[in-house]
Amino acid sequence: MLKPANVPNYFRAVSQVVSNQLTAGNQAAILPSKSIVYVPYTGTSALALSRALPSGNVSVTTGPAVSTQVRWAHTDITVPDFSAYRKDSVKSPNVRSSDSEDSRKNFTYLIASAFGVGSAYSAKAVVSQFVSSMSASADVLALAKIEIKLADIPEGKSVTFKWRGKPLFVRHRTQEEIQIEQSVPASSLRDPQHDNERVQRPEWLVVLGVCTHLGCVPIANAGDFGGYYCPCHGSHYDASGRIRKGPAPLNLEVPEHIFPSDDLLIVG
Amino acid sequence: MTSNLAKFPLFRTATIRGYAQLAPLGGISSCELKTTVLPNKLVVASSESQSPITRISIVFRAGSRNEASDNLGVTHVLRNSAGLSTKNASQFAIIRNIQQVGAALYATTDREIVSYTLEGPRQAIEKALPFLTEVATQQVFKPWEVSDITNRLLLDIATRPLQLRAIDLVHNAAFRSGLGNSLFIPKSQIGKISSETLQHYVASNFLSGRASVIGLGVDISDLESYAQGLKLETGEGNDTPSPYKGGELRSNKGGNTAFVAVAGEGAALRDAKEALAFAVLQRAIGVGPHIKWSTRDNGLLSKSIGASIDNYASTTFNVSYADTGLFGILIAAPSKSAGSLVETAVKLLKCTKISEEDVTRGKNQLKTSLLLDGESGTHTLQNIGTQTAILRGASIQSPSQIVALVDSVSANDVQCALKKAAKKLTLASIGNLTNVPYLDEIK
């Protein structure tokens with residue numbers, strides 16, 4: 001605020017050489033530090049000036065990355081040196097690198113193929129280990145087979161074994177039974193199968209003792225046909241294990257079996 | 001880089017020329033200029049110059065004369081904001097896509113116009129054109145990006161050469177506001193031009209009635225369909241006349257050299273005859289040396305100064321705006337000889353009889369410089385851009401057409417022009433002003 005008593009101070013300026021601390025400076029200010037810009041020197045000769053004087057409309061042009069971009073240039077950036085990673089044969093500036101091209105390439109191919117073979121081998125080992133873990137274990141495989149001594153089974157008898165948790169009938173058929181079953185015409189059967197399709201040796205019948213109706217265990221040497229009879233619902237099987245009467249739809253199942261020698265049977 | 005901008009099929013109809021027919025790089029400078037005015041009053045002007053370089057410019061009558069006291073310097077910020085993120089393209093996408101195809105995009109402002117120009121090979125332009133549309137018409141001015149360009153404003157101000165500041169000062173003294181506004185933001189306004197100020201300025205000045213689309217090396221029908229797709233608000237906006245007032249401004253900066261501009265009222269661009277007379281007068285007084293390594297021209301000013309002073313430079317400047325103009329002499333000289341040079345210049349403006357011989361020399365020099373400038377696409381584009389933005393489709397002329405009109409200027413016209421300029425003088429000086437006289441001291 002201008003007061004009449006102050007006005008004269010605006011027309012003169014005083015600076016104290018030695019302060020008596022009684023009249024304090026009344027204005028405090030922070031002087032900003034000014035950033036310095038070096039304007040490119042254009043010269044002050046008549047020629048330089050005459051080239052720089054504008055004679056028409058003055059306009060200013062700028063644009064994204066065109067004319068007034070600001071760059072901070074560094075001079076302390078070192079050029080990266082990759083010679084530690086380069087092959088010795090190409091370091092010399094006096095030797096053409098195409099001369100050593102074959103040997104460099106051969107070395108690369110050799111290393112590449114060696115690694116290729118090695119990795120294929122180890123890949124195979126890893127793969128086979130994982131794949132083999134999916135197959136059945138040894139104890140399961142051991143229980144999956146059963147060996148039967150045929151000499152212990154007299155002619156005309158059907159003996160029951162336990163195989164994979166199910167009853168297995170092994171029947172030593174008499175010559176008479178064989179003839180009867182062989183002569184049954186397949187067309188007269190509910191599940192038409194000739195006797196030859198079900199047995200490997202005519203005197204030995206190997207079937208699962210599970211009724212194909214509802215899974216009961218049939219009784220051997222019983223029923224109308226002298227083969228097997230299921231007491232649950234009255235299914236009659238003949239001496240070849242084929243369904244002849246009753247509700248069961250299919251013949252008794254014949255498991256995989258082989259005869260390695262005359263008196264040995266292996267089922268499974 | 002993908003972008004969500006629609007590509008504009010601009011050059012599907014472009015004819016492919018054989019090697020035997022190759023046009024010069026600058027194009028055929030005498031080719032016909034075609035002009036159309038769209039229903040929304042947008043002016044489209046194009047000249048298929050067959051140049052391998054295509055230039056497309058979107059021009060708005062929004063130069064610094066439209067600034068008011070509260071938004072002084074807004075055109076400078078606007079100029080430096082060209083290329084900031086827009087509605088559909090980020091700052092990075094604009095720069096990357098334009099540089100990837102090898103085109104260049106820039107913004108030019110003077111006291112009358114703001115123009116956005118894209119230039120590059122034809123195929124590149126087709127790909128980069130959506131970004132010109134974005135930069136020129138879809139600005140958003142994100143506040144954090146606008147505040148980032150403050151350092152560029154400071155740098156621009158700090159690197160202005162003194163002769164440019166002399167031209168700024170003489171405008172300021174002659175017109176005070178309006179055309180007196182500088183092309184550069186005043187230091188006090190830095191940081192005060194906000195995003196809203198920019199948006200308001202763009203909304204009130206970037207209107208279809210104040211805009212034009214100019215092309216060089218592009219067919220008019222292609223350019224027209226491009227211009228029709230521009231989303232511009234319709235309207236004419238407000239034009240404030242900025243009459244010549246005259247006065248004096250001095251800025252003592254020390255140093256060895258004084259830059260002094262003495263000026264009077266020049267011709268308006270709308271008065272083509274008078275503008276030509278002033279252009280001839282400018283050459284008659286002299287615009288500096290034409291000969292390589294020479295420091296003298298053969299103009300009236302050099303003759304009246306004589307050989308007594310040798311270490312100086314001078315030129316005559318002649319600028320035409322929409323409703324008025326500025327004509328004068330710019331002198332750069334060591335401070336001890338500046339005084340007598342300024343007195344000679346004022347005397348020359350006030351009482352010189354222009355001879356027939358001077359007029360003929362002026363006409364020849366004018367024709368030469370018009371034709372030489374016409375070979376440069378950039379210059380032609382700027383020339384046509386200013387014409388279309390101000391004259392709005394009425395009597396727009398290509399450089400070669402203007403040359404044909406030069407001969408119609410008579411010695412009497414030139415004398416009248418000088419008389420008009422000398423009616424009320426303006427003096428602006430910057431540098432070491434020890435010996436530069438004040439206007440009222442000069443007899």
Side-chain angles (χ1 to χ4, degrees), chain A residues 1-3 6-15 17 25-80, chain B residues 63 76 79-80 82-84 91 94-95 98-99 104-113 116-117 135 151-152 154-156 158-161 163-164 167-168 183-184 256-257 259 282 287-289 293-297 310-320 330-334 382 386:
Chain A
M1 181 68 75
L2 276 176
K3 290 177 189 167
N6 282 343
V7 166
N9 289 336
Y10 291 98
F11 295 97
R12 64 163 190 247
V14 179
S15 75
V17 179
N26 53 359
Q27 242 102 52
I30 298 166
L31 299 178
S33 62
K34 204 176 175 186
S35 53
I36 299 166
V37 178
Y38 293 101
V39 182
Y41 179 72
T42 48
T44 50
S45 70
L47 182 68
L49 284 173
S50 68
R51 282 178 179 175
L53 294 185
S55 67
N57 193 5
V58 177
S59 63
V60 187
T61 294
T62 184
V66 173
S67 53
T68 59
Q69 53 180 313
V70 181
R71 294 185 179 192
W72 284 275
H74 288 267
T75 54
D76 55 347
I77 299 172
T78 49
V79 178
Chain B
H76 188 186
R79 181 170 78 225
N80 282 7
L84 297 189
Q91 196 172 2
I94 292 167
I95 294 183
I98 289 174
Q99 293 196 332
L105 175 70
Y106 49 82
T108 304
T109 67
D110 61 19
R111 287 179 169 76
E112 285 285 0
I113 60 158
Y116 296 89
T117 308
V135 171
N151 279 333
R152 272 176 72 182
L154 288 167
L155 187 76
D156 284 353
T159 50
R160 278 175 301 171
Q163 52 269 43
L164 183 61
I167 294 286
D168 261 2
L183 299 179
F184 292 88
N256 297 320
T257 318
F259 292 83
Q282 179 193 19
V287 289
W293 304 117
S294 158
T295 55
R296 288 288 162 275
D297 58 13
D310 61 346
N311 193 21
Y312 76 97
S314 72
T315 186
T316 313
F317 60 89
N318 171 35
V319 199
S320 288
L330 177 62
I331 292 164
Q382 211 169 340
T386 309

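Protein chains get the first letters and strands the later ones, always in sequence-line order, with residue 1 at the start of each.
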- Item | Salt-bridge contact B/R79-B/D110 (side-chain N to carboxylate O under 4.0 Å) | no
- Quick one: which of A/L49, A/N57, A/V60 has the most heavy-atom pairs under 4.5 Å with chain B, could you say? A/V60
- Item | Flag side-chain contact, heavy atom, 4.5 Å: A/L47 against B/W293 | yes
- Message: If I measure from the heavy atoms of chain A, does B/E112 come under 4.5 Å with its side chain, its backbone, both, or neither?
- Response: neither
- Non-hydrogen side-chain atoms of A/S55 and B/Q282 separated by less than 4.5 Å: yes
- Message: Which atoms of B/L154 are under 4.5 Å from chain A, going by heavy atoms: the side chain, the backbone, both sets, or neither?
- Response: neither
- Item | Greatest number of heavy atom pairs closer than 4.5 Å to chain A - which of B/S314, B/A82, B/A107, B/P289 | B/A107
- B/I167 side chain near A/P54 side chain, heavy-atom distance below 4.5 Å: yes
- Query: With sequence neighbours excluded, what pairs up with B/T117 under the side-chain hydrogen bond (donor to acceptor under 3.5 Å, both in side chains) test?
  - Reply: B/S57
- Query: Where on B/T257 is there a heavy atom nearer than 4.5 Å to chain A: the side chain, the backbone, both, or neither?
  - Reply: side chain
- Item | Portion of B/L183 that has a non-hydrogen atom of chain A nearer than 4.5 angstrom | side chain
- Query: What's the verdict on side chain to side chain donor-acceptor pair (under 3.5 Å) for A/S59 and B/Q382, showing C-alpha distance, side-chain angles and the deciding distance?
  - Reply: CA-CA 10 Å; A/S59 63; B/Q382 211 169 340; 2.7 Å; yes
- Can you say whether B/F184 sits under 4.5 Å from chain A via the side chain, the backbone, both, or neither, judging by heavy atoms? side chain
- Under a 4.5 Å heavy-atom cutoff, which of B/V319, B/T109, B/N311, B/L84 has the most pairs with chain A? B/T109
- Note on the structure: If you tally heavy-atom pairs under 4.5 Å between each of A/G56, A/A46, A/A48, A/S50 and chain B, the highest tally belongs to A/A46
- Any donor-acceptor N/O pair, B/Q163 side chain to A/L53 backbone, under 3.5 Å: no
